[in-house]
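Keep in mind it's a predicted model, so treat the numbers as computed, not measured.
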Amino acid sequence: MATPPIFISTATLHTLFTHKSLVDHLQSSLPTFTSTIESPLRHAHQTSPTTSLLLMPSWSCSSSLPYIGVKLVTYHPNNSTQNLPGVHASYVLFNSITGQTLSTMDATELTVYRTACTSALASKFLSRQDSETLLMIGAGTLAPHLIKAHLTVRPNLKKVIVWNRTADKAKRVIENLQSEGGFEGVSFESNGSLEEVVGLGDIVSCATNSETPLVKGKKLKEGAHLDLVGSFKHSMRECDDEALKRGKVFVDNEAALVEAGELVGAFERGVITKDEIVGDLLELIKGEKNGRTTAEEITVFKSVGSAVVDLLTAQLAYETYMKSH
């Protein structure tokens, strides 16, 4: 008898993993399964002049990871005017042996978890262990997740600064986090001038839709780690060329080299070459590439997301759910 597919809601997803358990799962499963997961380039379809539909399929050829998954994403950037997230998504998980639908889940939440945990996992290898100040640029859906994920891998962080073009939004992120609790020994503040606060961050994490560089490389402090999450098309840029020139640059996967506005633009302008990208997340985890080697160097991590990480995140959610029900 076929069992009906289960639906995993946002509320349920919160009970199935933490940022820490997902970081640990990705660190252990990425080296094991990446080579056995097929993920064609995402389809992107323009559904209106300002909106898009993205399809991200992937499937595992390993019997110990018997899944096919597809993420369906809508991108409506003008939603902020209606106080709605700009990105909505659903994930469908199938059994790769029988083709049965196992689960559908809210992938808006799945995506923010996996994105934040990918950044935090990279930070484990790239930021200084004694990092004390985290600067979060952007106050959207991702901001609280990035803050929590970075705090899990860098427990020495003592101060979190949230900066946003709209200062009230930055304040709201902090108020929401403080009402959740669990941040003993961490102080929060918001805004100030971006030029000034950039220089304070030991870790600078950006999650914005900006098309003009927010982070000026010359303002980054020695030994800083810059985490770039926002851009996924050529017109988007969160940092200037100087930041890339000063930094040792890593990416989450090869798609970043053709999708991320910061990198594509820098290659076109001859600021850096593709050969100067030091490595990707998998090479960091496997120890095939060295992350941070001195306390003074600046490191940069640019992520655009991958269907591989989506599939492994959905796997953890589904298997944890099945164990507990």
Side-chain angles (χ1 to χ4, degrees), residues 26 30 34-35 37-47 49-59 69-75 77 86-87 89 107 111 114-116 118-119 121-122 126 138 142 205-215 217 226-286 288-289 291 299-313:
L26 294 177
L30 275 167
T34 297
S35 62
I37 297 174
E38 295 285 329
S39 55
L41 273 179
R42 71 181 99 191
H43 300 227
H45 303 282
Q46 198 105 29
T47 49
T50 57
T51 62
S52 330
L53 168 69
L54 306 173
L55 311 177
M56 296 170 71
S58 60
W59 57 91
V70 185
K71 187 162 78 172
L72 308 157
V73 186
T74 56
Y75 175 61
V87 175
T111 302
R114 76 93 155 111
T115 305
T118 300
S119 281
L121 182 50
L126 298 176
L142 258 168
S205 184
C206 291
T208 71
N209 293 330
S210 185
E211 303 209 338
T212 52
L214 296 168
V215 174
L226 175 60
D227 171 42
L228 301 167
V229 178
S231 81
F232 57 88
K233 48 187 190 184
H234 294 184
S235 57
M236 300 166 105
R237 271 180 91 189
E238 295 189 299
C239 74
D240 65 3
D241 289 341
E242 182 66 20
L244 300 177
K245 239 179 1 197
R246 283 188 75 191
K248 257 175 97 166
V249 183
F250 292 82
V251 292
D252 61 337
N253 63 79
E254 281 200 333
L257 306 180
V258 292
E259 290 180 5
E262 298 88 356
L263 298 179
V264 173
F267 298 149
E268 284 170 358
R269 289 185 289 276
V271 176
I272 55 169
T273 64
K274 283 191 181 177
D275 296 341
E276 288 174 90
I277 303 297
V278 184
D280 63 30
L281 183 57
L282 187 61
E283 291 171 317
L284 280 172
I285 298 170
K286 286 177 154 181
E288 293 170 358
K289 293 286 166 74
T299 52
V300 179
F301 179 68
K302 173 60 206 156
S303 70
V304 291
S306 82
V308 173
V309 179
D310 285 329
L311 187 65
L312 293 172
T313 306

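- Annotation for Ala307 and Pro57: closest pair CB-O, 3.6 Å, computed over non-hydrogen atoms.
- Side-chain atoms of Asp241 do not come within 3.5 Å of backbone N or O of Leu244 as any donor-acceptor pair.
- Of the inter-residue distances, the one linking Ile277 atom CD1 with Ile272 atom CD1 reads 4.0 Å to the nearest 0.5 angstrom.
- Taking every heavy atom of both residues into account, Thr50 and Pro77 meet most closely at O-CD, 3.2 Å.
- A donor-acceptor contact shorter than 3.5 Å links the side chain of Thr299 to the backbone of Leu126.
- Interatomic distance, Leu282 CG to Thr34 OG1, rounded to the nearest 0.5 Å: 4.5 Å.
- With sequence neighbours excluded, the residues that form a side chain to side chain donor-acceptor pair (under 3.5 Å) with Lys71 are Thr111, Asp310.
- Side-chain contact of Asp227 with Ser119: a donor-acceptor pair under 3.5 Å is present, judged by distance alone.
- Of all heavy-atom pairs spanning Met236 and Phe232, the tightest one is SD-N, 3.5 Å.
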Pair Glu238-Thr208, side-chain hydrogen bond (donor to acceptor under 3.5 Å, both in side chains): steps then yes or no: CA-CA 7 Å; Glu238 295 189 299; Thr208 71; 2.8 Å; yes
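- Between Gly291 and Phe250 the shortest heavy-atom distance is CA-CZ, 4.1 Å.
- Within the 4.5 Å cutoff, side-chain heavy atoms of Leu55 are placed close to those of Leu53.
- The only member of Ile285, Val309, Leu281, Val308 that meets side-chain contact (heavy atoms from CB on, under 4.5 Å) when paired with Leu26 is Val309.
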Criterion side chain to side chain contact (heavy atoms under 4.5 Å, CB included) on Val258 and Lys274, from CA distance to verdict: CA-CA 10 Å; Val258 292; Lys274 283 191 181 177; 4.2 Å; yes
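- At least one donor-acceptor pair closer than 3.5 Å links the side chain of Asp240 to the backbone N or O of Gly217.
- Rounding to the nearest 0.5 Å gives a distance of 5.0 Å between OH of Tyr75 and NZ of Lys233.
- For Lys302 against Ala260, the heavy-atom pair with the smallest separation is CE-CB, 3.5 Å.
- Between Leu284 and Leu121 the shortest side-chain heavy-atom distance does not fall below 4.5 Å.
- Rounded to the nearest 0.5 angstrom, Leu263 CG and His234 NE2 are separated by 10.0 Å.
- Side-chain atoms of Lys289 come within 3.5 Å of backbone atoms of Val278 as a donor-acceptor pair (strictly under, hydrogens ignored).
- Listed here is the closest heavy atom pair of Glu211 and Ser235: OE2-OG, 3.1 Å.
- Interatomic distance, Cys206 SG to Leu142 CG, rounded to the nearest 0.5 Å: 12.0 Å.
- Under the salt bridge (charged side-chain N to carboxylate O under 4.0 Å, His left out) criterion, the residue pairs touching residues 253-265 are Arg42-Glu259, with sequence neighbours excluded.
- The CZ atom of Phe301 lies 11.5 Å from the CG atom of Leu226; values are rounded to the nearest 0.5 Å.
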Stepwise side chain to side chain contact (heavy atoms under 4.5 Å, CB included) test for Leu311 and Ile37: CA-CA 9 Å; Leu311 187 65; Ile37 297 174; 4.0 Å; yes
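- Panel note: side chain Arg237, backbone Thr212; no donor-acceptor pair is recorded below 3.5 Å.
- Under a 3.5 Å cut-off, the side chain of Ser210 and the backbone N or O of Leu214 do not form any donor-acceptor pair.
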